[in-house]
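Everything below concerns the one structure shown next.
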Amino acid sequence: MKPLQSLRGMVDLLPGQTPFWQRIEATARDHFRRAAVEEIRTPLLEVTELFARGIGEATDVVGKEMYSFEDRGERHCTLRPEGTASVVRAAIQHGLVAQGPQRLWYGGPMFRYERPQAGRQRQFHQIGLEFLGHADPRSDVEAIAIAWDLLMDLGVGGLSLELNSLGSADDRLRYRADLVTWLEAHREDLDPDSQQRISTNPLRVLDSKNPQTQALLAGAPTLADALNGESRERFLRVRQGLEALAIPFRLNPRLVRGLDYYGHTAFEITSSQLGAQATVCGGGRYDGLVEQLGGPPTAAVGWALGMERLVLLLQAGGGEGGSAPAPDVYLISRGEMAEAQALALARGWRRQGLVVALDLSGSAYGKQFKRADRSGARWAAILGDAETAEGVVILRDLRGEATEDRRLTPDAVAGVLGAA
RNA sequence: GCGGGCGUCGCCAAGUGGUUAAGGCAGUGGCUUGUGGCGCCACCAUUCGGGGGUUCAAGUCCCCUCGCUCGCCCCA
């Protein structure tokens, strides 16, 4: 019979890679802890309407990328395609936003039904930050700084922070009208995709990867010019805040985020080493979302970081973290008494904090030593029936040249290893 | 959803129409050694993702299908 395979776009993370993931998770946790950001965990499955209302009916994510189905109770369910909507829903549902500003983070799998490619899977993982109830431009700056510092701490180089302001809802509405008239006037010169987007999502035309369209866009009205005084002032303060923290950024007036809820500050952290899917972290301000989902008017900023892409960067950078930790001792046993005793010995040493690998093969000494070597352990502990009867264990330094074996009581082993 | 590339043992990888499908790594068994790292011997794809077809003959050509991969779209 043919072996079963994982579903397309659903990948297994094998032991060789999980250390990278653990490192990212541990580092993120630590940064959040020090920034007084609390963790929130929400279900992977939500009612479809949450995303439809939150992310926007017209977005691709909602329109064609959701894993949706009906459960046995005929409820319309969707595997979360992103984290923000769920976090906001939970914050409203449990009255968190009413209790004052919230600083939250989350992590876990997200699902989007797309064609897999480099840095893009159907089940992928994000770590995200959400500040709810924070309107001050300084909160934008702090949110970005946390992401930036986290990435820097992980040793990811070659990153660039791109920044833009999408202005207020009014700004965008006005700009959108201007842009559409301009695009209509130049319709003939646009690539087919962009022509299509004039009606569906005109702002996204700015983002087009088509070089000709990009060149043409030089003459288009800009979003920056459409911002009102208040929006401009706000954006200025965000930029000043980043400058004050010496976080380098590049203004990108073409940066438009794909989810409907973004306004004012929008940013992406990208890498040139990632292929087509260059964004490692993306986010921005979403002041209208909480209200849109039935909560009180609440200002908010946040971002999400793509774990897979980050792992790719870590690996490309030849970073550490990809190898399994070697055991401190590899315990070899042979003989009926010894084999039974070995289990207890291993347990005792583990209680003392040692990393103990136990050979359960029952094969010849030679084989067991071979495996001991390959395990990378520095020490081998040997236990035969003779040793068991005497209440000792032989300790051998597998890396020492002419070091002699030592006969020790099991209790002495941890001490010797600690000293060596 | 649309394009391009690819698909030989767990991993890497020869092979480009003609008797029995190289090799390396890993794995397994054994030899040597009061015990391991080196070395040596043996085993490890009746089969080339799957299904059709062409041919005297196909892993090698054609078609379909599945999968992987890169890109578009979109996004983290």
Side-chain angles (χ1 to χ4, degrees), chain A residues 2-9 11 14 16 24 55-56 58-66 80-84 107-129 147 151 191-194 196-197 200-201 204-205 207-210 255-259 262 267-271 274-284 302-313 330 332-335 359 361 363-380 382-384 386-387 394 396-401 404-405:
Chain A
K2 47 211 166 269
L4 293 147
Q5 283 191 304
S6 59
L7 286 166
R8 156 170 285 196
V11 303
L14 304 178
I24 294 170
I55 302 172
T59 62
D60 280 24
V61 170
V62 172
K64 52 185 210 194
E65 296 172 0
M66 292 203 298
R80 64 182 186 189
E82 55 105 53
T84 302
M110 308 292 163
F111 303 83
R112 254 120 98 159
Y113 196 93
E114 300 179 273
R115 256 332 250 289
Q117 72 183 70
R120 192 173 76 189
Q121 260 75 50
R122 288 184 173 180
Q123 175 178 331
F124 61 106
H125 299 77
Q126 292 186 331
I127 289 178
L129 171 86
L151 260 8
D191 60 279
D193 276 334
S194 295
Q196 186 65 36
R197 274 179 290 193
T200 57
N201 198 342
R204 296 217 58 86
V205 176
D207 232 6
S208 170
K209 281 183 189 168
N210 184 295
L255 174 60
V256 179
R257 315 246 52 235
L259 278 28
Y262 287 113
F267 74 94
E268 282 183 5
I269 298 175
T270 61
S271 166
L274 278 176
Q277 309 301 326
T279 305
V280 188
C281 178
W303 47 254
L305 182 150
M307 295 276 281
E308 282 75 4
R309 294 177 188 179
L310 194 43
V311 169
L312 246 31
L313 288 176
Y330 190 96
I332 289 169
S333 59
R334 190 107 166 96
D359 195 309
S361 68
S363 46
Y365 281 116
K367 287 291 165 196
Q368 297 198 50
F369 271 100
K370 222 165 240 176
R371 280 191 281 270
D373 266 316
R374 293 196 178 162
S375 77
R378 168 156 182 203
W379 300 91
I382 304 121
L383 189 64
E387 287 78 20
I394 296 173
R396 172 178 300 190
D397 186 344
L398 292 172
R399 294 202 312 230
E401 284 297 304
E404 292 205 359
D405 291 355

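Every value quoted in this text rests on a predicted model; they were computed, and no experiment measured them. Here is how names work: the chains are called A, B, and so on, in the same order as the sequence lines, proteins then strands, and each is numbered from 1.
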In whole angstroms, the gap separating P of C25(B) from NZ of Lys370(A) amounts to 13 Å
Please report the distance separating the C1' of G27(B) from the corresponding atom of G18(B), rounded so that it comes out in whole Å. 34 Å
Ranking Arg112(A) and Ala276(A) by the position along RNA chain B of their nearest nucleotide, the one closer to 5' is Ala276(A)
Paired with Glu308(A), the side-chain contact (heavy atoms from CB on, under 4.5 Å) test is passed by just one of Gln126(A), Gln123(A), Gln277(A), Gln121(A), namely Gln121(A)
Query raised in the report: Which whole number of Å gives the distance between the C1' atom of A21(B) and that of U16(B)?
Result: 14 Å
When you compare A45(B) with A57(B), how far apart are their P atoms, in angstrom units rounded to a whole number?
27 Å
Notebook entry, point to check: With a non-hydrogen cut-off below 4.0 angstrom, is Gly384(A) in contact with a base, only sugar-phosphate, or nothing?
Noted result: nothing
- Provide the distance between the two P atoms, one in C44(B) and one in A22(B), to the nearest whole Å. 11 Å
Glu114(A) and Arg120(A) ion-paired at < 4.0 Å: yes
Query raised in the report: Under 4.0 Å between a side-chain N or O of Arg374(A) and OP1 or OP2 of G27(B)?
Result: yes
| said: Within a 6.0 Å radius of atom OH on Tyr113(A), are there more than 12 heavy atoms belonging to other residues, nucleotides or ligands? | reply: no
Regarding the side chain of Pro116(A), the nearest nucleotide among G39(B), U35(B), U69(B) is U69(B)
From CD1 of Ile382(A) across to C1' of G37(B) the rounded distance in Å is 14 Å
Give a yes/no answer on whether the side chain of Arg257(A) brings an N or O atom under 4.0 Å of OP1 or OP2 in A76(B). yes
Taking a pair to mean Watson-Crick or G-U wobble geometry with both distances below 3.5 Å, C48(B) pairs with none
Taken to the nearest whole Å, CE/Met66(A) to P/C74(B) is 18 Å
Original post:
Given the rule in the side chain to side chain contact (heavy atoms under 4.5 Å, CB included) test, do Val11(A) and Ser6(A) qualify, once you have shown the distances and angles that lead to the verdict?
Top reply: CA-CA 7 Å; Val11(A) 303; Ser6(A) 59; over 6 Å; no
If the cut-off is 4.0 Å, is Arg204(A) near the phosphate of C75(B), judged by side-chain N/O to OP1 or OP2?
yes
Paired to A21(B) by Watson-Crick or G-U wobble criteria (both distances under 3.5 Å) is none
From the candidates C73(B), A76(B), G37(B), the one with an atom nearest any side-chain atom of Asp60(A) is C73(B)
Among G29(B), A76(B), C73(B), the one nearest any side-chain atom of Lys367(A) is G29(B)
In whole angstroms, the gap separating P of U35(B) from OH of Tyr330(A) amounts to 18 Å
Check your understanding: Can you find a donor-acceptor pair, distance only, under 3.5 Å between Arg197(A) side chain and C73(B) base?
Key -> no
Taken to the nearest whole Å, CZ/Arg122(A) to C1'/C68(B) is 13 Å
(Q) Measuring only between side-chain heavy atoms, which start at C-beta, is Ile269(A) closer than 4.5 Å to Leu151(A)? (A) yes
In sequence, state the C-alpha distance, the side-chain angles, and the governing distance for Ile394(A) and Leu383(A), and then conclude on side chain to side chain contact (heavy atoms under 4.5 Å, CB included).
-> CA-CA 7 Å; Ile394(A) 296 173; Leu383(A) 189 64; over 6 Å; no
Taking a pair to mean Watson-Crick or G-U wobble geometry with both distances below 3.5 Å, C72(B) pairs with G1(B)
Which of G71(B), C68(B), U35(B) is nearest the side chain of Ala118(A)? It is G71(B)
Pairing partner of U32(B), by Watson-Crick or G-U wobble and under 3.5 Å for both distances, is none
Atom CD of Gln121(A) and atom C1' of C70(B) are separated, to the nearest Å, by 13 Å
To the nearest angstrom, the CD-C1' distance between Glu82(A) and C75(B) comes to 11 Å
Checklist entry - Considering only the P atoms, how many Å lie between C63(B) and G4(B), rounded to the nearest integer? => result 13 Å
The residue, Arg115(A) or Lys64(A), whose nearest nucleotide of RNA chain B is more 5′ is Arg115(A)
Nearest-angstrom distance, C1' atom, C41(B) to U60(B):
35 Å
query: Is any side-chain N or O of Arg120(A) closer than 4.0 Å to OP1 or OP2 of C72(B)?
result: no
* Could you work out the separation of U8(B) and G59(B) based on their P atoms and round it to a whole Å? => 15 Å
Atom CZ of Arg8(A) and atom P of G7(B) are separated, to the nearest Å, by 17 Å
Margin query: Can you check the distance between G15(B) and G7(B), where both ends of the measurement are the C1' atom (answer in whole Å)?
Written below: 15 Å
- Task: Answer with base, sugar-phosphate or nothing: what part of the nucleic acid does Glu268(A) contact at a heavy-atom distance below 4.0 Å?
- Result: nothing
Practice problem: Could you verify whether a donor N or O on one side chain and an acceptor N or O on the other, from Ser363(A) and Arg371(A), lie under 3.5 Å apart? | Solution: yes
| field | Under-4.0 Å side-chain N/O to phosphate OP1/OP2 contact, Gln117(A) with U69(B) | value | no
*Going by an N to O cut-off under 4.0 Å, is there a salt bridge joining Asp373(A) and Lys370(A)?*
no
